[in-house]
There are 2 protein chains.
Amino acid sequence: MLSNSSKYAIKGVLYLALNSNRDHKVMVRDIYTVVHVPEAYLAKLLQELSRHGIISSTRGPKGGFYLSEEDRKHTLLEIVQVIDGENRLNSCVMGIRNCDMDNPCVLHKLVGGNKSKFIRVLESTKILDLVDGKQGIEEFFPL
Amino acid sequence: MLSNSSKYAIKGVLYLALNSNRDHKVMVRDIYTVVHVPEAYLAKLLQELSRHGIISSTRGPKGGFYLSEEDRKHTLLEIVQVIDGENRLNSCVMGIRNCDMDNPCVLHKLVGGNKSKFIRVLESTKILDLVDGKQGIEEFFPL
DNA sequence: CATAAAAAGGATAAAAATATCTTTTAATCT
DNA sequence: AGATTAAAAGATATTTTTATCCTTTTTATG
């Protein structure tokens, strides 16, 4: 449903949400040990998100990745779509051909409701929603 | 969430549910064109299910795969567990360490509810439930 | 008993996902 | 300007998943 890559990406972004801003950028090196994702791999994912304007980055000394206030308004779904592509989430849970959310097959009806709900959650959850909750920051870690 | 292999397996079993019984066994050859799964690959999956006693088979002329009345009482979850292993479905949706359904992380709470529901559907749906519905057989195909 | 039909099993191949390594580009700081 | 730092980009490697092929074993039937 979600690839590892997407999960990694979300974790990375969550770290950024908690620990970065325009004046405090963080290097992949600071992130990867905390979120338990291989450094180079995480770098790739963040680069991809950056290219798509989901997160921000600058090169060079004092550079790094960070989230602007605007960035924080992006949804989890946007992250997933950048990393996994548009299709993965929308295709039939059961892999049935010619079957999607609009025209669900019999198996789809069984489980499809849950899935669309899952997507709706991703769609309606902004990055800032994750952090602005009542929970303390600690609750997020270890990721 | 579900591997392709699991989906293939479920489709194959569904075909068996609709088209086989102890007195009418079917060959992989009859199934694979209908459910759009590569012949040899489907054979492997069905063999695996057969070894685990989820479906039945006999060799030789007039042999093939089929579902006994007992077989039909197996759940979709059992199929998935044979094919994907126990772990895949139970691990955290977000891939967070030390997080499972009993001790959900923050991200888990967001989406975890949907997932456990998904699992509960798989768990509570027997093979015969799929076929005994009001829907006509045609509705299941093309798979 | 011979033969053919069909699953079972083993070994290999191809593709996709995951991960690492190396080089390039851009920013900052002497 | 030159040195250094860090992301960006590109190339390569590894692992897992998916798929195929080929041989062996079992079994019904003539």
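Side-chain atoms are counted along with the backbone in the values below, which use heavy atoms only and exclude waters and symmetry mates.
Under the rule for a side-chain hydrogen bond (donor to acceptor under 3.5 Å, both in side chains), the partners of A/Arg51 that lie at least two apart in sequence or sit in another chain are A/Glu48. Here B/Tyr41 pairs with B/Tyr8 under the ring pair (Phe, Tyr, Trp, His ring centres under 6.0 Å) rule; sequence neighbours left out.
In this structure, the side chains of B/Asp71 and B/Ile127 stay at 4.5 Å or more apart for every pair of heavy atoms. A/Val26 places a side-chain heavy atom less than 4.5 Å from the side chain of A/His24.
The OG atom of A/Ser56 sits 10.5 Å away from atom CD of A/Glu69, with the distance rounded to the nearest 0.5 Å. Taking OH of B/Tyr32 as the reference point, atom CE of B/Met27 lies at 11.0 Å (rounded to 0.5 Å). The distance from atom CD1 of A/Ile83 to atom NZ of A/Lys44, rounded to the nearest 0.5 Å, is 12.0 Å.
Following rounding to the nearest Å, B/Arg22 (CZ) and D/dA28 (P) show an atom-to-atom distance of 14 Å. Taking atom CG of A/Leu49 as the reference point, atom P of D/dA9 lies 13 Å away to the nearest angstrom. Atom-to-atom, NE2 of A/His36 to P of C/dT18 comes out at 19 Å; the value is rounded to the nearest Å. If you take OH of B/Tyr66 and C1' of D/dA28, they are 14 Å apart, rounded to a whole angstrom. In this structure, NZ of B/Lys44 is placed 13 Å from C1' of C/dA13, rounded to the nearest angstrom. In this structure, A/Glu48 places its CD atom 14 Å from C1' of C/dT18, rounding to the nearest Å. Atom-to-atom, CG of A/Leu42 to C1' of C/dT18 comes out at 13 Å; the value is rounded to the nearest Å.
A/Phe65 pairs in a side chain to side chain contact (heavy atoms under 4.5 Å, CB included) with only one of the listed residues (A/Val13, A/Leu16, A/Thr58), which is A/Leu16.
A/Lys25 comes within 4.0 angstrom of no nucleic acid atom, judged by non-hydrogen atoms across all strands.
Axis angle between the ends of the helix from C/dC1-D/dG30 to C/dT30-D/dA1, five pairs each and rounded to 10 degrees, works out to 0°.
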Item to check | Protein-to-nucleotide contact annotation, 5' to 3' order, nucleotides 13-19 of chain D [B base; S sugar-phosphate only; - none; under 4.0 Å, heavy atom] | outcome: -----BB
Checklist entry - For every nucleotide of nucleotides 3-8 of chain D, 5' to 3': is a protein heavy atom under 4.0 Å from its base (B), only from its sugar-phosphate (S), or from neither (-)? => result -BBBSB
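With A/Gln81 contributing its side chain and A/Glu78 its backbone, the two residues share no donor-acceptor pair below 3.5 Å.
Within the structure, no pair that satisfies the salt bridge (Lys or Arg N to Asp or Glu O under 4.0 Å) test touches residues 19-41 of chain A, not counting sequence neighbours.
Contact check on A/Arg120 versus A/Glu123 returns no salt bridge, with no Lys/Arg side-chain nitrogen under 4.0 Å from an Asp/Glu carboxylate oxygen.
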